Every structure is written in structure tokens, then in C-alpha cells.
Amino acid sequence: MNIASKLPDVGTTIFTTMSQMALDYRATNLGQGFPDFNTHPDLISLVSKAMQEGYNQYPAMAGYPALRQAISDKVLSLYGRHYDPATEVTVTSGATEALMSSFQAFVHPGDEVILIEPFYDSYIPAITLAGGKVVSVPLTPPSSDCDKYTIDWNKVEAAISPKTRLIALNFPHNPTGIILSEQDLDAIERITTGTDIILLSDEVYEHIVFNGKKHLSLASRKSLAERSLVISSFGKTYHTTGWKIGYVCAPEALTVELRKVHQFAVFTVSSPMQVALAQFMQQPEHHENLSAFYQDKHDLLLAGLQQTRFRPLPSEGSFFLLADYSRISDMPEIEFSLWLTQEHGVTVIPVSAFYRDPSAPDSNHQLVRFCFAKQDHTLNAALEKLAKV
Ligand code: GLN
């Protein structure tokens with residue numbers, strides 16, 4: 001039988017592949033982004049209590065009302081923007097479903113979607129399934145003058161055409177860890193004003209930002225919020241990546257269209273988790289303290305890698321940092337990552353996997369991504385092995 005694949009170029013994700021390799025070789029897994037420690041015991045008790053109390057049937061299609069209210073309250077207090085929980089907040093099956101439903105809702109066949117490369121791996125398949133065309137704009141890589149990636153907004157502006165439907169942004173950025181500045185928001189405002197371009201802002205790492213800096217949400221500016229779908233995920237914030245609960249805040253007109261897809265993609269998401277999250281969110285210290293919690297882990301890994309032949313780049317946010325391995329090898333990134341797992345027992349993610357064509361020379365900068373959402377002893381075990389590379 002001839003199966004005409006809708007995604008002929010897609011294989012298993014790099015995160016699944018590398019985590020399986022880590023298991024096969026019993027390697028220390030600093031690859032796929034998930035914590036190797038448990039979530040807060042109070043949150044687990046709240047889920048169990050919600051189940052005992054009978055929250056086991058379908059919750060509202062757009063999400064458990066008290067959870068939507070808690071999300072709205074948090075966004076108002078952090079970013080000064082009010083989203084109506086009834087019409088402008090939607091609880092989704094992780095940020096992944098939020099992304100998929102958003103692309104399906106807004107991208108028509110032939111529409112162009114601008115992505116800033118490198119980008120998270122689910123974007124292209126989601127856009128492709130909607131019939132959209134990806135237009136990628138590269139981040140400017142680190143150089144001797146600047147040790148971090150930067151965004152050239154003139155290039156983004158130059159990529160805009162009459163067919164541009166949507167620009168997808170993701171800050172704090174996976175994989176580079178860069179965050180947005182006020183100047184970046186100015187530039188986004190400048191290039192989108194007077195257009196019908198929708199902004200999709202994937203802010204799943206909004207609560208993980210280092211060195212006293214602040215996350216700047218697109219929700220924080222009226223002119224941007226008016227055209228934005230702002231996406232986040234409880235997986236990152238409460239160490240519950242396996243629960244797959246995220247959300248989208250967007251103006252009513254955008255939310256109406258998003259929910260048309262959401263209700264037929266998943267209808268709604270797990271009720272006891274939503275009830276528990278609504279209660280847990282009443283203690284803001286859980287997200288307020290997250291940056292400090294991850295700063296220590298970032299610093300531990302950064303300092304440790306500085307003692308090795310890797311050259312780490314500092315990260316401004318997310319639970320990832322990149323490191324250059326050009327003092328160790330000239331292998332392409334995928335090959336190097338396989339070799340590091342097999343020969344040295346540490347699993348990382350090749351940064352080229354976040355490019356459209358991972359094997360192209362332009363996508364290979366001798367960089368790998370380390371995840372530091374790990375217990376200190378896991379990070380120390382990895383560093384001990386990496387010191388021998
Ligand atoms: N977002 C996670 C990462 O970047 C992985 C999630 C997944 O495996 N789908 O590592």
C-alpha cells in the first residue's frame with residue numbers, strides 16, 4: 001500500500017532518540033529537557049485530593065474555571081495585562097498542543113510563518129500540517145565580540161511578505177537561553193504595527209531567568225498583546241513535564257478561533273491536575289523562587305564546564321546552556337553527541353537538531369545543549385565524566 005506521508009521528512013524527535021540512547025548506554029542524561037527530581041509534595045497531595053473529591057469527569061472545554069482565573073491573576077500581577085478567564089484564557093494539553101492548535105487555527109495553506117532559527121522542533125511539523133510555509137531567519141551566532149546569540153530584527157523585517165501570517169517567537173529561548181530586551185520589544189512593535197501579522201509567543205521558560213534579569217512577556221505591551229497568543233506550560237514551572245498542562249492567553253477574537261481547534265484536538269485536559277494547579281497557584285512563591293533555584297544549577301554546570309575542554313556559553317534563561325566543543329573534536333554535532341554518550345557516558349542534544357536541515361554545514365557550529373534541570377549529584381556525576389573528555 002502506498003501511504004502518502006504528510007510528513008515525509010519527519011522521524012522520531014531528537015529528544016526521544018537521545019533519551020533512549022542514554023538508557024541504552026546508562027549515560028548521565030543532560031539531553032532532553034525534564035527535571036530528574038520530583039514536583040512539590042503539596043501539589044501531588046492536591047491532585048490526589050481532587051480525585052478523591054470526584055474531579056474525575058470532563059472539566060470545561062476551555063479549562064477548569066478556577067485555573068483560568070488563577071492564570072489570569074498571575075499574568076495581571078506579573079505583566080500588567082488583564083485576560084478575561086472566560087474568553088481569553090485556554091488550558092491546553094501542554095504547550096505542544098497550544099502550538100499545534102494555534103498553527104492549525106491561524107495558518108492557511110500557502111501562508112508564510114517566520115521562525116527564528118534555531119527553533120523548537122515541533123514548530124515545523126505543526127506548520128507543515130497546516131499547509132504553511134516556513135521562512136526562517138537565523139539568529140546571529142556568538143562571536144569573539146559577543147558571547148551570546150542575538151536577534152537581527154532587520155532580517156526579520158526583511159523576511160516579511162504579503163503572505164506572512166504569523167511570526168513565532170520563543171523567549172527565554174530553547175536552545176540558546178537568550179531572553180528579550182525592551183529594545184527587542186520595540187523592534188517587534190515597529191515591524192508588526194499596521195500589519196495583520198499574528199505573534200505566537202512561546203514563553204514556557206518565563207519563570208526561569210538569571211542574573212537578576214526579568215522576562216519580558218509579549219503580554220506586557222498592549223500593542224503586542226493585541227496580536228499575540230502567549231503560551232506557557234506548567235511542566236517547566238512546577239517540575240511536571242509528564243502532566244502535559246499548558247495554556248494560551250490571547251484576545252477574545254484569537255481565542256475563539258483557537259478554541260475551535262482545541263475542542264476537537266483534545267476537547268479538554270485532565271481535571272484533577274487542573275483543580276490541583278488552581279490551588280497550588282495561590283502560593284506565588286513557587287514560581288517566584290524558580291529563577292533562584294535554577295540559577296544555582298546553571299552556575300554549578302557553568303563553573304564545572306569551565307574546568308573542562310568545553311567552552312560553555314552563559315545562559316540568560318531556560319534550563320539549558322550551550323557549550324562549544326571545538327577544542328575537543330571537529331565532528332558534526334549529531335556525531336559528536338552520539339560519541340559523547342557512547343564513549344564518555346554523558347548525553348546532550350546537538351544544537352543542529354533545532355535547525356531546518358540538521359546535517360547542513362550552516363547548521364553545525366560545534367555546539368551542544370546541556371540541560372541543568374537535574375539534581376546536583378547528577379550534574380556533578382556528568383561533570384566528573386566530562387572532565388576526562
Ligand atoms: N522541550 C524539551 C527539550 O527541549 C523536550 C520535550 C520533548 O521531548 N518533546 O528538551
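We count ligands from 1, going down the list as the structure has it; atoms in each ligand are counted the same way. Just so it is clear, the structure is predicted and the values come from calculations on it, not from any experiment.
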**Message:** Could you check whether any heavy atom of Lys236 sits closer than 4.0 Å to an atom of ligand 1, since that is the contact criterion I want to use?
**Reply:** yes
**Heavy-atom neighbours of Tyr55 OH exceed 12 at 6.0 Å** = no
**Request:** With heavy atoms only and a cut-off of under 4.0 Å, state how Asn174 meets ligand 1: side chain, backbone, both or neither.
**Result:** side chain
**Message:** Quick test: of every protein heavy atom, which one is nearest to atom 8 (O) of ligand 1, and how far off is it to 0.1 Å?
**Reply:** Gln32 NE2, 2.7 Å
**Request:** Please state which part of Arg369 comes within less than 4.0 Å of ligand 1, counting heavy atoms only: side chain, backbone, both or neither.
**Result:** side chain
**Within residues 41-51 or reaching into it, pairs that qualify as side-chain hydrogen bond (donor to acceptor under 3.5 Å, both in side chains) - sequence neighbours excluded** = none
**Prompt:** Which of these passes side-chain hydrogen bond (donor to acceptor under 3.5 Å, both in side chains) with His207: His286, Lys74, His287, Lys236?
**Reply:** Lys74
**Request:** Looking only at distances, please establish whether an N/O atom of ligand 1 is found under 3.5 Å from an N/O atom of Gly33.
**Result:** yes
**Request:** Give the contacting part of Phe34 toward ligand 1: side chain, backbone, both or neither, where contact means a heavy-atom distance below 4.0 Å.
**Result:** neither
**Asked** Can we call the ring centroids of Tyr79 and His215 under 6.0 Å apart?
**Response** yes
**Request:** Measure from NZ or CZ of Lys297 to the centre of the six-membered ring of Phe293, then state whether that distance is under 6.0 Å and the direction lies within 45° of the axis.
**Result:** yes
**Message:** Yes or no: does Thr13 have any heavy atom under 4.0 Å from an atom of ligand 1?
**Reply:** no
**Asked** Does ligand 1 have any atom sitting under 4.0 Å from a heavy atom of Tyr120?
**Response** yes
**Request:** Would you please name every residue forming a side-chain hydrogen bond (donor to acceptor under 3.5 Å, both in side chains) with Asn380, sequence neighbours left out?
**Result:** none
